[in-house]
Structure formats: structure tokens, C-alpha cells
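Since the structure comes first, as C-alpha cells, the remarks are kept for the end.
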There are 2 protein chains.
Amino acid sequence: MARRTKEEALETRNSLMAAALEQFCEKGIARTTLSDIATAAGVTRGAFYWHFKNKAELFEALWAQLRNPLDELADISENPQEPQPLEKLRELIVLLLQMVVSNPVHQQIFRLMINRNDLDGELQEIGAHMQLMHGQFRARTERILINAIKRGQLPADLPVELAAFMLHSMVDGLIANWFAGDTRVDMKAQASVIVDAMLVMLRQGFGDSAALVAESPIVS
Amino acid sequence: MARRTKEEALETRNSLMAAALEQFCEKGIARTTLSDIATAAGVTRGAFYWHFKNKAELFEALWAQLRNPLDELADISENPQEPQPLEKLRELIVLLLQMVVSNPVHQQIFRLMINRNDLDGELQEIGAHMQLMHGQFRARTERILINAIKRGQLPADLPVELAAFMLHSMVDGLIANWFAGDTRVDMKAQASVIVDAMLVMLRQGFGDSAALVAESPIVS
DNA sequence: TGATACATACAAACGTGTATGTATGTAAAT
DNA sequence: ATTTACATACATACACGTTTGTATGTATCA
């Protein structure tokens, strides 16, 4: 077979990207070959090289699509006038956790971000970009925490940098470990419980009294 | 040059392993070639193939050494008679965090464990083994939590599985994010503060009152 | 008829594994 | 104490499979 109509060509291009995404998530970017992608898409490498210069260009196109949901998510709660910043933060993290475990597209995004370490050569820029988004998320969390402090919803002496780092690390770890599959935890159902516990940590975990917790009996 | 004395041969073997470990941590296992290792060790691939069958065998030898510190760490607090399990858990996690940021050997271990996803082919067994150690750590945490509940140091209605999952995820995330380098947090100095906050979360984060935290003002 | 949308064929690079060469240590024979 | 014989500890060279990139062929759309 040979030349198709424009729509059919677009279809094969989309097939290539979809197949690539799937394989990237399964085996990682480095270990999926162009033949893998082409075969999975039902074409040959010829088709691939017609639509893309190389694997890096395809991944850039992929990432340009995939980052949209993340960008949207990031924009949700960036309002310094928000009267209930802590509640908004709660909703944001719950939403994030639930999306990751239920929405396959988001699963793919986060799988790629978790394995962003194997981005070499021309893909390093994208890896740096992921790193940047990662950092922006933390900065955003910090701003929300500061806003919450201003509004008396978090203690004034909360170490903001540290707290944001811990929050962010915990979310990352939860997602990564859920992906690793060593969990019998139903994260979709428990997301609220998880985030509530995190917020309690923010509100009561950093005072002077916190240091004595391990030694004393519970007060209930 | 050719045949050396036995001691010199052992030296080159050690050089190969040390060079390999360094490269593995830098570029990942998959992306370091046998030439990389040999060159970094100041020899050729001939020397490599004399001492090791292939990259997998070298990594197995490496891991056999590196897992020792982890095994020791795991054995520390496995005592059901421990009267202060929560305090022991606190010490364990603080120790873990501080070791990771200060001890280069432990850094290498955890770098390898974090990137255990790129273990393919013959190395999958080791990847599975790492996964297993990972799971055992969580099981151990669960047992400590149960012991702490028995001794009235944690609330009886604590969801043990979930709490252990969260603890574990947070530690993983902290280490991974600290490695990622996007942190101005001095984790060695703050380790105590971090773990104290985590324990507050365990003690007070899972009750019915926790769900209302985001909406109410702080009580201080 | 010419540009398009591929498939096919080919060349080059890279990494692995193995076969071979070789100088040296080492133990036994003399 | 030498010499001899062999195992050792590598370096070098080659054969192979795999992946990439490109060049070419070709049917079809427009």
C-alpha cells in the first residue's frame, strides 16, 4: 500500500503517537525502538520517518499534548484572594490522587515523569522541563501555604519550605508506590483520608509539642 | 602488559566494580556500556570479561555488597517486645534520612533502588529482589505500628495498612526528591522535624475530627 | 503529472560476546 | 638456582546482532 488521503495519514500519525506512548509507559523511552513503535502502530519505520524526524521529535509532540492536563491542573488554585486556600489545596491533592489512579491518560503522564531520568541526548531538554514543572508545583504549594497562614488556617510558625517539600514528596511517593503495584490500598477511595491526614500534619505537626509525641501515651 | 600478581588482579576487579557503581549512579545501568566501565577503571573490556561474565554478573556482585547496610538497617527494630516501638520507628527513619544525605555509599544504594525500573533481561531478578526488600520494609513498618497500637502509643482505630503505605511513600518521596536536587532543604538538620511531623500525623491525622481540619481555624 | 504517504533496501554506528595473542607470574622438574 | 611448562591476567581483533538514518522504489491521491 502507499499513499493515503490526508485524513488517513493523520490517522497513522496519531496511531504512531498512541503506540509510542503505550510502549514508552511499558518499557520506558530508551528501551522502545522505532521498530517497536511502527509495528505496534501497524506500519513500518518508513511511515515513522515520514511523520517524525526521530524519537525525540515524536516525544516532544507527545509531551506537548500531555502537558496540557498538568498545566490546567496547575492553574486551578493560583488565586491569592482565595478565602479557603487550605480547602482548595485539599481538593487539589485529592483530585490529583484520584485522577492518577483512575484516568489512564494521567497515569501515562506520571509514568513518564517518574521515569524522566532515562531521558538522554536530545530529550534532556524535556527532562529539564519536567523538572521545572515539578519545581513550579512546589512553589505553588508554598504560596498556597503562605496564603493559608495569612488567613489563620495554618500556624504562623509553619516552616513553609520544609512543609511544601514534605507535601510534595509524599504525593510523589504515593503515586510512585501505587504505580509500583506493591499496594493493596484503594487510593481512589482513601484519597480523602490520606489528604486529611496530611493537613493535620501541617496544622499540628510542626509545633514544639510535636517533638515529644513518640514518648507520650495518646490523649485521644 | 599482561599477567599481574593475584593482589593486583583483585585490585583491578575492585576498580571495575567501583567504576561501574559510579557510572551506574550517574547514567543508569542500562546506559553505561562495558567500555565505559573498563575505560573508567583504566583497563579494557578484556579485563572486564576476565573477571565477570557480563554486566549482570558484575551488578549482582555489586548488589551483594551493597545490600548489607540495608539488611542491617532492616534488622534494627524488629522486636515485638520493644516497649517504645514508636520511638524506635522515629529513630529508624531519622537515621535512614540522615544516612542517605550524608553517606555516599547509601546514596549510591538508593540511587540504584530508585532507578530499579531500568533493570531488564537478566537483571530483572535483582529488580524483583529490590521490590521485595521494599515490600518487606513496609511490612516491618506495619508490624511496628501494630505494636505501637497495642501499647497505647497510637490510636486503636489507626488504619495500619494505609498509614504504613503513607509513611513509606513519604520516605521514598523525600529521598527521591532530595536526589532530584530541587531542594534547598537541609534534610540532615531537619530530619528530626520531618519525622516528628510524620508521627503527629499518625497519632492525630486519622480520627473523625481530621476531616474537618481544612475548614476550621487553628486552635493553637 | 507531480507531490504525497508510505514500504523496502541499504549503509553505518554501536554494543556485545568470543576468539586469539601475549607477556608475566608461579610452581615443578632438573 | 635455572630452566621448563603452564596457568593467569589481561589486550587486541573479529564476528554478530541490533538500531538508526537515509536512499530509493512505488502506488495513489489530487
Side-chain angles (χ1 to χ4, degrees), chain A residues 1-24 26-62 118-124 126, chain B residues 1-24 26-62 115 118-126:
Chain A
M1 61 207 88
R3 164 128 209 264
R4 312 289 189 69
T5 160
K6 280 184 188 174
E7 296 146 14
E8 286 173 321
L10 190 64
E11 265 185 48
T12 61
R13 190 188 140 96
N14 291 336
S15 303
L16 282 166
M17 290 178 63
L21 178 56
E22 212 164 317
Q23 307 261 325
F24 288 165
E26 273 181 36
K27 308 185 288 186
I29 298 176
R31 276 192 305 282
T32 88
T33 178
L34 299 187
S35 295
D36 292 339
I37 299 172
T39 302
V43 291
T44 67
R45 285 184 22 248
F48 180 94
Y49 277 109
W50 173 254
H51 288 285
F52 306 98
K53 182 186 160 200
N54 51 28
K55 192 160 66 176
E57 194 184 280
L58 177 142
F59 186 76
E60 283 176 29
L62 253 185
D118 75 350
L119 262 37
D120 65 328
E122 312 182 42
L123 291 172
Q124 278 181 339
I126 295 187
Chain B
M1 63 205 88
R3 167 139 209 256
R4 311 287 190 71
T5 164
K6 280 184 188 175
E7 296 147 14
E8 287 173 320
L10 189 64
E11 266 184 46
T12 59
R13 190 188 140 97
N14 290 337
S15 302
L16 283 166
M17 289 178 66
L21 178 56
E22 212 165 317
Q23 306 262 324
F24 287 165
E26 273 181 35
K27 310 185 287 185
I29 297 176
R31 276 191 307 284
T32 87
T33 177
L34 299 188
S35 296
D36 293 338
I37 298 172
T39 302
V43 292
T44 67
R45 287 186 318 126
F48 179 94
Y49 276 110
W50 173 255
H51 288 285
F52 305 98
K53 182 187 159 199
N54 51 28
K55 192 159 68 175
E57 194 184 278
L58 178 143
F59 186 79
E60 284 176 29
L62 254 183
N115 295 344
D118 74 351
L119 262 37
D120 64 329
E122 312 183 41
L123 290 171
Q124 279 182 338
E125 306 159 22
I126 294 188

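Naming: A, B, ... by sequence-line order, numbering from 1 per chain.
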Quiz: residues 37-44 of chain A side-chain donor-acceptor pairs under 3.5 angstrom, not counting sequence neighbours:
| from | atom 1 | to | atom 2 | distance (Å) |
| --- | --- | --- | --- | --- |
| A/Thr39 | OG1 | A/Ser35 | O | 2.8 |
| A/Thr44 | OG1 | A/Gly46 | N | 3.3 |

Open item on the list: Rounding to an integer number of Å, can you tell me how far A/Tyr49 OH sits from D/dG21 C1'?
Closed with: 5 Å
TODO: Nearest whole angstrom, please: distance from the P of D/dA9 to the CZ of B/Phe52.
DONE: 13 Å
TODO: Calculate the interatomic distance between A/Lys53 atom NZ and D/dT22 atom C1'; express it in whole Å.
DONE: 14 Å
Task: Whole angstrom value for the distance that separates P of D/dT8 from CG of B/Leu10 - done: 15 Å
Task: Distance below 4.0 Å between A/His51 side-chain N/O and C/dA5 OP1 or OP2 - done: no
Task: Residue pair B/Leu58 / B/Phe48, side-chain heavy-atom distance below 4.5 Å - done: yes
Task: Value rounded to 0.5 Å, distance of CD in B/Gln124 from CD1 in B/Ile126 - done: 11.5 Å
Open item on the list: It should be established whether A/Trp50 places a side-chain nitrogen or oxygen under 4.0 Å from OP1 or OP2 of nucleotide C/dC6.
Closed with: no
- [ ] Mind listing the residues from residues 32-46 of chain A sitting with a heavy atom below 4.0 Å of DNA chain D? Number order is fine.
- [x] A/Thr33, A/Leu34, A/Arg45
Task: Those residues that, when tested against A/Asp36, pass side chain to side chain donor-acceptor pair (under 3.5 Å) (two or more places apart) - done: A/Lys27
Task: Separation of atom NZ in B/Lys55 from atom P in C/dC14, rounded to whole Å - done: 16 Å
Open item on the list: Nearest whole Å is fine: how far is D/dA30 P from A/Glu8 CD?
Closed with: 9 Å
- [ ] Among residues two or more places apart or on two chains, list those pairs meeting side-chain hydrogen bond (donor to acceptor under 3.5 Å, both in side chains) that have a residue in residues 48-62 of chain A.
- [x] A/Thr12-A/His51, A/Asn54-A/Glu122
- [ ] Return the value, rounded to whole Å, for the distance between atom CG of B/Asp120 and atom P of D/dT18.
- [x] 14 Å
Task: Length of the CZ-P vector between B/Phe48 and C/dT16, whole Å - done: 8 Å
- [ ] Hey, could you give me each pair passing salt bridge (charged side-chain N to carboxylate O under 4.0 Å, His left out) that has a residue in residues 9-22 of chain A? Not counting sequence neighbours.
- [x] none
